[in-house]
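In this text, all values refer to a predicted model and were calculated from it rather than measured experimentally.
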Amino acid sequence: MARPPLEIGTYGTITRTETAPGKWRARTRYRDHDGVTRLVERYGATGAAAERALKAALRDRARPAGGYEITGDTTITDLGTAWISSISRTGKVSPQTIEKYARTVRKHVVPALGGVRINEISVGKLELFLTTVEADGTARWCRVCLTGMFSMAARHDAIGQNPVRETSTRDRPATEIRAMTLEEVTLLRKNIAAWAGSNTMGPPRGDDLAELVDVLLGTGLRIGEALALRWPHIDLDSEIPTITVAATIAQVGGTYFLQETAKTKAGHRTVVLPPFVVDALRRQRDRELPAENELVFPSTRGGVRSLTMCVGSSGKRVVRNWDGLRSTRCAGPPRRSSTGRSESMPRPRNWATPGPELPPPTTSRRQR
């Protein structure tokens, strides 16, 4: 009766042989993941040294190319580390999203499930964990991360199927859509114009915040998109003034940087400008602020501007809350299609009516 083959990823008996004075060889047969059994050997000054070298070679030989061996005995902590490392190498996920994944795994998944092994996990355990996460947004991020982690485990045959897909999802409650009234927009613009740059001591506080808010109101851009606008992408002198959204401001590890792509593929677009936005951008251009990469709204040092740099601590809620308002309170003007023609889109009241003229901007304290 033929001897049964070694299991894949295992080796047979190790033999030691002294091939010369002070030179030993350790040898064994190892069955690779392609199913072929091969002879593997290493040398050392003693038999024990040769065997240690051989075992180290066999361990490295069994390790996958990514550096992680995923089996049923792998803990959720190690699975999370392997998954983050795997998606980081693909180049398909933005750095800020990877940071968000890693933070979610580290702060929520590992404390609750880190010591559990893959072969000990069940739909019930995952369901219990997800239901105990209080915030709906955090629970959704945890489910996204766990889905990716167990998909990776399934690809390594460490589990039969992805159990996360069988867990329940939280229904997002519908929110009431309310557009800003013309009176609210008028008051907002008036207060910002009076507040921005009006302090007499300390660093200037948002002396161009009025122009930034006008751009947000008239275009419906995300805050990061507005702060990433560059003068080569703005046409104020054509019959139909436009801006091209081609970048955004992103944050990784507490550092803001210019991301040379929009947040999504659909985010790269050309937007037609209403007259009051054209006026605001011309005022900003006349300031001739020093800026890297020809940024329209640079920081005081000319670099990328963070959200907290837009205004001081007492007024930064205006800009921070904009992404929660932009889709409901200002849908923005028509934008051009790929053919260059202006597409017909509903015009919200606060775009169709430019509102009152802002007071003439005072001399920028950054230019004094």
Side-chain angles (χ1 to χ4, degrees), residues 1-93 95 98-99 101-106 109-123 125-126 145-165:
M1 183 177 179
R3 177 184 300 177
L6 293 168
E7 293 186 10
I8 289 178
T10 63
Y11 56 88
T13 303
I14 296 177
T15 60
R16 303 178 184 177
T17 304
E18 186 177 19
T19 59
K23 184 177 182 180
W24 285 76
R25 178 185 67 202
R27 174 185 288 178
T28 188
R29 293 184 178 277
Y30 179 86
R31 191 173 182 209
D32 277 310
H33 287 271
D34 60 1
V36 178
T37 301
R38 296 178 174 87
L39 193 64
V40 184
E41 57 185 29
R42 290 295 185 271
Y43 291 84
T46 64
E51 184 170 335
R52 286 195 298 271
L54 176 61
K55 288 181 177 180
L58 294 173
R59 182 187 64 241
D60 294 339
R61 190 184 189 93
R63 184 176 299 156
Y68 296 96
E69 183 179 8
I70 308 298
T71 68
D73 291 328
T74 301
T75 63
I76 302 304
T77 297
D78 292 338
L79 178 61
T81 302
W83 177 65
I84 295 296
S85 176
S86 174
I87 62 175
S88 298
R89 292 193 305 271
T90 64
K92 297 180 180 179
V93 183
I98 293 175
E99 183 183 49
Y101 287 160
R103 186 165 59 249
T104 301
V105 171
R106 182 179 66 253
V109 176
V110 169
L113 300 170
V116 180
R117 300 181 185 277
I118 293 177
N119 56 19
E120 296 173 332
I121 209 69
S122 66
V123 176
K125 282 188 175 69
L126 294 172
C145 293
L146 286 168
T147 299
M149 290 163 57
F150 280 95
S151 290
M152 182 180 186
R155 291 194 298 272
H156 285 75
D157 293 327
I159 196 169
Q161 61 181 2
N162 190 335
V164 186
R165 302 188 188 281

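Taking all atoms of both residues into account, the shortest heavy-atom contact from A50 to G44 is CB-N, 3.5 Å. G114 and T75 make their closest contact through O-CB, 3.5 Å (heavy atoms, listed as atom of the first residue, atom of the second, distance). Taking each heavy atom of V123 and P163 in turn, the nearest pair found is CG2-O, 3.7 Å. The two residues A45 and A49 have their closest heavy-atom pair at N-CB, 4.2 Å. Between N162 and V164, the shortest heavy-atom distance links the atoms OD1-N, 3.0 Å. Shown here for I84 and I87, the closest heavy-atom pair between the two residues is O-CG1, 3.3 Å.
Partners of E120 by side-chain contact (heavy atoms from CB on, under 4.5 Å), not counting sequence neighbours, listed by chain and number: V116, R117. Considering only residues two or more places apart in sequence or on other chains, R38 meets the side-chain hydrogen bond (donor to acceptor under 3.5 Å, both in side chains) condition with D32, D34. Every residue two or more places apart in sequence or in another chain that forms a side-chain contact (heavy atoms from CB on, under 4.5 Å) with R16 is listed here: W24, A48, E51.
Here the CE atom belonging to M152 is positioned 4.5 Å from the NE2 atom belonging to H156, to the nearest 0.5 angstrom. Going from atom CG of L113 over to atom OG1 of T77 covers 9.0 Å, rounded to the nearest 0.5 Å. One distance of note links CZ of R106 with OH of Y101; it measures 15.5 Å at 0.5 Å rounding.
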**OP:** Just do the side chain to side chain contact (heavy atoms under 4.5 Å, CB included) check on I118 and L79 with the steps written out, would you?
**Re:** CA-CA 8 Å; I118 293 177; L79 178 61; 4.0 Å; yes

Subject >> Derivation of the side chain to side chain contact (heavy atoms under 4.5 Å, CB included) call for K55 and I14 >> reply: CA-CA 9 Å; K55 288 181 177 180; I14 296 177; 3.8 Å; yes

Original post:
Going through the checks in order, is the side chain to side chain contact (heavy atoms under 4.5 Å, CB included) test met by L39 and R27?
Top reply: CA-CA 7 Å; L39 193 64; R27 174 185 288 178; 3.4 Å; yes

**OP:** Carefully, step by step, assess I76 and M149 under the rule side chain to side chain contact (heavy atoms under 4.5 Å, CB included).
**Re:** CA-CA 9 Å; I76 302 304; M149 290 163 57; 3.7 Å; yes

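Side chain of T37 to backbone of R31: no donor-acceptor contact under 3.5 angstrom is found. Looking at T10, its side chain never comes within 3.5 Å of a backbone N or O of L6 through a donor-acceptor pair. Distance alone, capped at 3.5 Å, places no donor-acceptor pair between the T17 side chain and the T19 backbone. At least one donor-acceptor pair under 3.5 Å links the side chain of S151 to the backbone N or O of T147. Distance alone, capped at 3.5 Å, is enough to place a donor-acceptor pair between the T28 side chain and the T13 backbone.
Side-chain atoms of I70 and D78, non-hydrogen and from C-beta on, never get closer than 4.5 Å to each other. Residues F150 and I121 form a side-chain contact, since some pair of their non-hydrogen atoms from C-beta on lies under 4.5 Å apart.
Using a 3.5 Å distance cut-off with no hydrogens or angles, the side chains of S85 and R89 do pair a donor with an acceptor.
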